[in-house]
Every structure is written in structure tokens, then in C-alpha cells.
Enquirer: 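The structure that follows is given in the form of C-alpha cells.
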Amino acid sequence: MLILSRKIDQKIKIGDNITITVIEVHGDQVKIGVEAPKNVKVFRQEVFEAIQDENKAASNQPSEDKLKQLFGKI
């Protein structure tokens, strides 16, 4: 893990097209801005993990083909 110190309005570049900007610092909370192309998805870690959990749960659901095999045509 790379650890960087930044002050308000200072930036971090990731590759050619992603910029992280420190917007505000209040106590133990830091507000950051993320500039990235629209095709790059940016999530908070807890939201990303929730999406992964939902995707895993959905993949465990019976598929339409399996339901057809069990119950005939739907």
C-alpha cells in the first residue's frame, strides 16, 4: 500500500485520467473528490462489498433453464 500525505486542495493522480483531490478535513473525517472517466466505476468500499454480496447471492439463485427443467415450461 502506498501512503501519501496531502493537504486541502492538493491532488493525487492515478494513471492519466483519474485525479483524487482533498476537499476538506474535519477531525478524523476527510472529504475527497474523485475525477474519473464515466466508464470507470467509483464506489465506497462498503458499497462495493454490498454489491459483490448481492451478485454472489443472485448467482446462487436457480436459473430460468433449471426452473424449466424442474417445472416444465414457465
Side-chain angles (χ1 to χ4, degrees):
M1 175 188 309
L2 173 65
I3 300 173
L4 302 170
S5 297
R6 301 278 69 200
K7 295 179 182 178
I8 294 174
D9 292 329
Q10 290 183 328
K11 301 174 187 283
I12 297 169
K13 289 290 290 181
I14 300 174
D16 293 331
N17 54 5
I18 300 174
T19 303
I20 310 292
T21 305
V22 177
I23 305 296
E24 192 175 312
V25 178
H26 279 288
D28 64 347
Q29 195 171 53
V30 177
K31 192 178 288 189
I32 60 170
V34 179
E35 294 176 57
K38 289 185 178 187
N39 65 328
V40 175
K41 295 179 180 178
V42 178
F43 298 102
R44 295 176 307 186
Q45 181 70 30
E46 63 274 14
V47 171
F48 181 77
E49 289 170 357
I51 291 168
Q52 285 185 318
D53 291 344
E54 287 294 323
N55 288 342
K56 286 178 188 173
S59 70
N60 290 331
Q61 297 298 316
S63 70
E64 185 177 342
D65 290 337
K66 287 182 182 177
L67 290 173
K68 284 180 181 178
Q69 286 176 349
L70 289 171
F71 301 108
K73 287 192 175 190
I74 299 176

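Predicted, not measured: the structure shown is a model, and the values here were computed from it.
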Enquirer: If you look only at distance, which donor and acceptor atoms sit under 3.5 Å apart when one is on a side chain in residues 17-26 and the other is two or more places apart or in another chain?
Expert:
from, atom 1, to, atom 2, distance (Å)
Thr19, OG1, Lys13, NZ, 3.1
Thr21, OG1, Lys11, NZ, 3.3
Glu24, OE2, His26, NE2, 2.7

Enquirer: Counting heavy atoms not belonging to Asp16, are there more than 12 under 6.0 Å from its CG?
Expert: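 No - once you tally the heavy atoms of other residues, nucleotides and ligands closer than 6.0 Å, there are 12 at most.
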Enquirer: Would you list the atom pairs, donor with acceptor, under 3.5 Å between side chains in residues 30-52 and any protein atom, with sequence neighbours excluded?
Expert:
from, atom 1, to, atom 2, distance (Å)
Gln45, NE2, Glu49, OE2, 2.8

